[in-house]
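A short worksheet on the structure shown next.
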Amino acid sequence: MGNNIDTLCVHGAEDRNNSTGAVTVPVYQSATFAHPGVGQSTGYDYSRLQNPTREVLEKTIAMLEGGCDAMAFSSGMAAMAVLCELFAPGDRVIASEDLYGGSVRLLDNVVGKNGVGVDYLDTGSIEDVRSAIRPETKAVFVETPTNPTMRITDIAAISAICKECGLLLIVDSTFLTPVYLRPLALGADIVLHSGTKYLGGHNDTLAGFLITASAGLSEKLRFLYKTVGACLAPWDCFLILRGVKTLALRMGRITENARRISAWLEKQPQVADVMYCGQSGMISFKTDNAETAHTILANVKVIRYAESLGGVESLITYPILQTHADVPAAVREALGIDERLLRLSAGIEHADDLIADLEAALNGI
Ligand SMILES: *Cc1c(COP(=O)(O)O)cnc(C)c1O
């Protein structure tokens, strides 16, 4: 089997020895599994622990990220919530300062309540990370590029500091996917994905993943996984597996579209600032004033005004009212998340149609 990511996406961990010759994985819609005898197991006991459909998905995602194990959750936030159970009261975590808004809500309101402190800073600055490390610091949590202002963190450089200080490095790699970034190969310990986004890719299924670099971490997280029960249902595993088959193909087209759109946006007099990292489909941009932002949202026709990202359909969001509504106003202001900021997720439609749609919307047509 080829090792190129395009081939891994299509074939992943498929079971070629299944007795029916089925080319795609069956949906094992079974909550429980009968035992062949006392003290014996088929390898499956109860679907909260493991399910054959989920197992193929998890192994496929682990292969794509180069991890030793992957766990499939019912959403990205479920994965994040279980991940945070690794920490105990008194621990501190360093986190990128413009994370996905839901991650900030979880860290500030749930993880914080459990006695875990978070130090937000620009993880793009190695010096800032280094000087924030205290004896209680247990981990660095990075999103790259950040959300929504697309700032980049050097994973290899942060990993070197984490190894030196005995900290876990956790990377939310939702935006770049294993097509463009494999954090574990750069020294990260855990990768988190909202599988709802590019991995699933069709805006039809919620999912989340944790991928681990070591058996020790996998053992700790698997214990939490089976205990908490935020596992992905068999049918949803099937849908995500089907989405993953076209991941590399989609990412290529999406990147092509996003490059063309961001180049076009740069030339528009009503657009002040275009933030695009050059890969994947996420573009943030500022309009000259709030009214222009509202005009675009009210008039796009091919592109939908909706939360979320990473699907075949292009979506545009208004971070101040949607993804980042729960981020404290002062923090939003400092990060530049204001009434002029829009975030576009390029889909796989024709770039000409997307640009024509934005052009008409900008002019209120
Ligand atoms: C959407 C998102 C999440 C949360 O995932 P859900 O599947 O919506 O629960 C976490 N991180 C990033 C970067 C996201 O875009």
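In this text, all values refer to a predicted model and were calculated from it rather than measured experimentally. When a ligand or atom number is given, it counts from 1 through the structure's own listing order. Every heavy atom of this structure was used, including side-chain atoms; hydrogens, water molecules and symmetry mates were not.
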**Message:** Test side-chain hydrogen bond (donor to acceptor under 3.5 Å, both in side chains) on Y305 and N299; report intermediate values, then the result.
**Reply:** CA-CA 9 Å; Y305 170 27; N299 288 288; over 6 Å; no
**Lys/Arg-Asp/Glu bridge criterion (N-O < 4.0 Å) met for D288, R340** = no
May I have every N or O pair linking ligand 1 to the protein at under 3.5 Å, one per line with atom names and distance?
{"residue": "ligand 1", "atom": "5 (O)", "partner": "S194", "partner atom": "OG", "Å": "3.0"}
{"residue": "ligand 1", "atom": "7 (O)", "partner": "G76", "partner atom": "N", "Å": "2.9"}
{"residue": "ligand 1", "atom": "7 (O)", "partner": "S194", "partner atom": "OG", "Å": "2.8"}
{"residue": "ligand 1", "atom": "7 (O)", "partner": "T196", "partner atom": "OG1", "Å": "2.6"}
{"residue": "ligand 1", "atom": "9 (O)", "partner": "G76", "partner atom": "N", "Å": "3.0"}
{"residue": "ligand 1", "atom": "9 (O)", "partner": "M77", "partner atom": "N", "Å": "2.8"}
{"residue": "ligand 1", "atom": "11 (N)", "partner": "D172", "partner atom": "OD2", "Å": "2.7"}
{"residue": "ligand 1", "atom": "15 (O)", "partner": "K197", "partner atom": "NZ", "Å": "2.7"}

**Request:** List the atom of I155, the atom of T144, and the distance in Å for their closest heavy-atom pair.
**Result:** CD1-CG2, 3.8 Å
**Complete:** Closest heavy-atom pair, A351 versus R260, reported as atoms and distance to 0.1 Å, is CB-NH1, 3.5 Å
**Asked** When the ring planes of H294 and Y318 are compared, do they come out parallel, tilted or perpendicular, using 30° and 60° as the limits?
**Response** perpendicular
Please list, one pair per line, the donor and acceptor atoms closer than 3.5 Å that link side chains of residues 223-233 to other protein atoms, with sequence neighbours excluded.
{"residue": "Y225", "atom": "OH", "partner": "R54", "partner atom": "NE", "Å": "3.0"}
{"residue": "Y225", "atom": "OH", "partner": "A72", "partner atom": "O", "Å": "2.5"}
{"residue": "T227", "atom": "OG1", "partner": "F223", "partner atom": "O", "Å": "2.5"}

